[in-house]
2 protein chains.
Amino acid sequence: MQDARHDRTDQSGTPAKPRSRRLPRQVRERQILDAAVTVFAKYGYHEAAMDEISDVAGISKPMIYAYLGAKDELFVACIRREANRLIESISQAVDADLKPDEQLWRGLHAFFEYVNENRASWTVLHRQASVQGQPFTSELSEWRDRALNLVAELLARAGGSSEQPVQLEQMQPFAAALVGAGESMLDWWIDHPEYTADALSMRLMNLVWMGFGDMVQGRRWKPS
Amino acid sequence: MQDARHDRTDQSGTPAKPRSRRLPRQVRERQILDAAVTVFAKYGYHEAAMDEISDVAGISKPMIYAYLGAKDELFVACIRREANRLIESISQAVDADLKPDEQLWRGLHAFFEYVNENRASWTVLHRQASVQGQPFTSELSEWRDRALNLVAELLARAGGSSEQPVQLEQMQPFAAALVGAGESMLDWWIDHPEYTADALSMRLMNLVWMGFGDMVQGRRWKPS
DNA sequence: TCCATTACCTACTCACGAGTAAGACTACTC
DNA sequence: GAGTAGTCTTACTCGTGAGTAGGTAATGGA
């Protein structure tokens, strides 16, 4: 058995589009990135074939190389775009004038909503980005850092008062824990789609804000 | 640039061992698995080369195929062994006679300790196991399920009283969140080794048991 | 109408690495 | 000392898929 790859003989959910002709570069780049995100999400970095990406994008392979460079550069471009979209979504949901716990809640909720509506995007960011070696590790850890800092800031605002602010530094391990908890719940969600984004983010909020000890005693956090 | 692989021209931290001759199968299998875990952890499944594994194991390639089968089977064997070790460690740390929160604490602590002392093992289980496609997905999700159930059980014991037990089912999303939080903190730890296993597991315990809301007000959980 | 530019293609090359064929050497029995 | 079971090796094959050479053809300005 020569390397157990799953065969890919067109049971494809995304059939090769009929090629449209002579579109401006900008449009093609978007199409390519869209295709790349889909395919990377489906197979992971290594198993994803440039040929399939070009197929899904409805364009020939050399165009990808011309516009977005080699495979690793393409992947980095995907990460960059998707990370920006996700972080943007969360940032917008958080209104700095709200009460701290409410801010946290909004952030969590936006996170769950985004992932719910952008599975492929999330898969690339989360599952496929962990390959680790050296090729593009820096780009990957960078986006994670940004996410972490965003959450740490939220927590710092939530945890500090105006007289006694909390160092961002202190919040980092908690932020890491929170992000991980979210990620992991999301994974679990895939196998239990009967839950809603709302229900799950609410559970997470309760766990994180009230703690298990309180929850056992029937105390719950509620959005105001 | 032909596929940007990092070159592997013997800057290797694990130099090819001088080959010892004619050892019994059992011993070789252990050596091979050890080598495989190391190499898989270092490069991930796809980037790991069978040639390098055989080098590190100090044996020739066909022996690997003879004893442990193809690459994917070898990987599954690694997962299986390491998952067993980890789960075993945690199970042993948890004494069912203790108070629920204390049980949870012991479990968390054992988890952090194990990972601290078995980085490669953990890396394979966590980072590399997420490749996703089809080759060995079942084996992978299985170990995760086992871990999840172990935690869910812990939580159920912690959350229920003898009169009013809690369904295991109910605890699953929380278990997922907790496991994820732990995993993520572990990742963060790699970049911040100044923390101890103790300090981090204590932080996680506080977050999970007391909740952020309580912590803000200075309430802390302490082991009895 | 010519020329430059940009969009786009088919049909390759070539390195890599999984997996194997074919046998050698050792150690133990009977 | 012949047979056999188990250990172990060198030196291959061969599919796959990243990346490219070397073009064609549409567009828009001079």
Side-chain angles (χ1 to χ4, degrees), chain A residues 1-9 16-32 35-36 39-40 42-77 131 133 135-136, chain B residues 1-9 16-32 35-36 39-40 42-77 131 133 135-136:
Chain A
M1 177 185 51
Q2 194 83 335
D3 189 3
R5 290 167 203 282
H6 33 290
D7 60 304
R8 215 172 284 165
T9 39
K17 294 174 194 164
R19 304 203 165 174
S20 47
R21 315 205 120 262
R22 291 193 79 73
L23 298 176
R25 174 169 187 155
Q26 234 193 352
V27 177
R28 285 299 190 200
E29 285 190 353
R30 258 214 14 246
Q31 293 179 334
I32 294 171
V39 175
F40 281 136
K42 199 162 159 196
Y43 300 108
Y45 178 76
H46 289 284
E47 293 279 274
M50 293 299 273
D51 282 300
E52 183 164 0
I53 296 176
S54 76
D55 254 31
V56 174
I59 200 173
S60 74
K61 215 168 25 151
M63 294 310 294
I64 301 183
Y65 286 89
Y67 286 164
L68 290 158
K71 193 182 185 184
D72 55 348
E73 299 173 82
L74 175 60
F75 187 67
V76 167
V131 183
F136 30 60
Chain B
M1 178 184 51
Q2 195 84 332
D3 190 1
R5 291 168 205 280
H6 33 290
D7 59 304
R8 214 172 285 164
T9 39
K17 291 174 194 163
R19 305 202 165 175
S20 46
R21 317 203 120 262
R22 292 194 78 75
L23 298 175
R25 175 170 185 153
Q26 231 192 355
V27 177
R28 285 300 191 202
E29 285 190 352
R30 260 218 8 250
Q31 292 178 335
I32 293 171
V39 174
F40 281 136
K42 200 162 158 196
Y43 300 108
Y45 178 75
H46 289 283
E47 294 280 275
M50 293 299 272
D51 282 301
E52 183 163 1
I53 295 176
S54 77
D55 254 31
V56 173
I59 201 173
S60 73
K61 212 166 29 148
M63 293 309 295
I64 302 182
Y65 286 89
Y67 285 166
L68 290 157
K71 193 182 186 184
D72 54 349
E73 298 172 83
L74 176 59
F75 187 68
V76 167
V131 182
F136 30 62

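Note that the structure is a prediction, hence the values are computed from the model and not measured. Chain letters run A, B, ... following the sequence lines, proteins first, then strands; residues in each count from 1.
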Hey, which of these two, B/M50 or A/P62, hits DNA chain C nearer its 5' end, going by closest nucleotide?
A/P62

Taking only the side-chain heavy atoms of A/R22 (C-beta and beyond), determine which of D/dG19, C/dT20, C/dT6 contains the nearest atom.
C/dT6

Does A/M63 reach a base, just sugar-phosphate, or nothing at all? Heavy atoms under 4.0 Å.
base

A/K61 has an atom NZ; how far is it from atom C1' of C/dA7, in whole Å?
18 Å

Worked verdict on A/I64 versus A/M50 for side chain to side chain contact (heavy atoms under 4.5 Å, CB included):
CA-CA 9 Å; A/I64 301 183; A/M50 293 299 273; 3.9 Å; yes

Please name the residue in the list A/R28, A/E29, A/R30 that meets the side-chain contact (heavy atoms from CB on, under 4.5 Å) test with A/L23.
A/R28

Roughly, in whole Å, what's the span from OH in A/Y65 to P in C/dC12?
18 Å

According to a strict under-4.0 Å criterion, is A/R28 in side-chain N/O contact with OP1 or OP2 of C/dC8?
yes

Does C/dC8 have its OP1 or OP2 closer than 4.0 Å to a side-chain nitrogen or oxygen of A/R25?
no

Starting from P on D/dA25, measure out to CG on A/L23 and report it in whole angstrom.
19 Å

In whole angstroms, the gap separating C1' of C/dG19 from CG of B/L68 amounts to 15 Å

Under 4.0 Å between a side-chain N or O of A/Y67 and OP1 or OP2 of C/dA7?
yes

Among B/H46, B/K71, B/E47, which residue satisfies the side-chain contact (heavy atoms from CB on, under 4.5 Å) criterion with B/F40?
B/K71

Mapping B/G69 and A/P24 to their closest nucleotides on DNA chain C, which lands nearer the 5' end?
A/P24

For A/E47 and D/dG15, give me the distance from atom CD to atom P, rounded to whole Å.
18 Å

Measure CD/B/E29 against C1'/D/dG6 and give the value in whole Å, please.
13 Å

Can you tell me the distance, in whole Å, between the NZ atom of A/K71 and the P atom of D/dT20?
15 Å

Heavy atoms from C-beta onward define the side chain here; which of C/dC9, C/dA18, D/dA18 lies closest to that of A/A49?
D/dA18

Give the rounded distance in Å between these two atoms: CD of A/E52 and C1' of D/dG17.
13 Å

Tell me whether B/E73 contacts the main-chain N or O of B/A70 through its side chain, where contact means a donor paired with an acceptor under 3.5 Å.
yes

Dump the intermediate steps for side chain to side chain contact (heavy atoms under 4.5 Å, CB included) on B/L74 and B/I32, then the final yes or no.
CA-CA 9 Å; B/L74 176 59; B/I32 293 171; 4.1 Å; yes

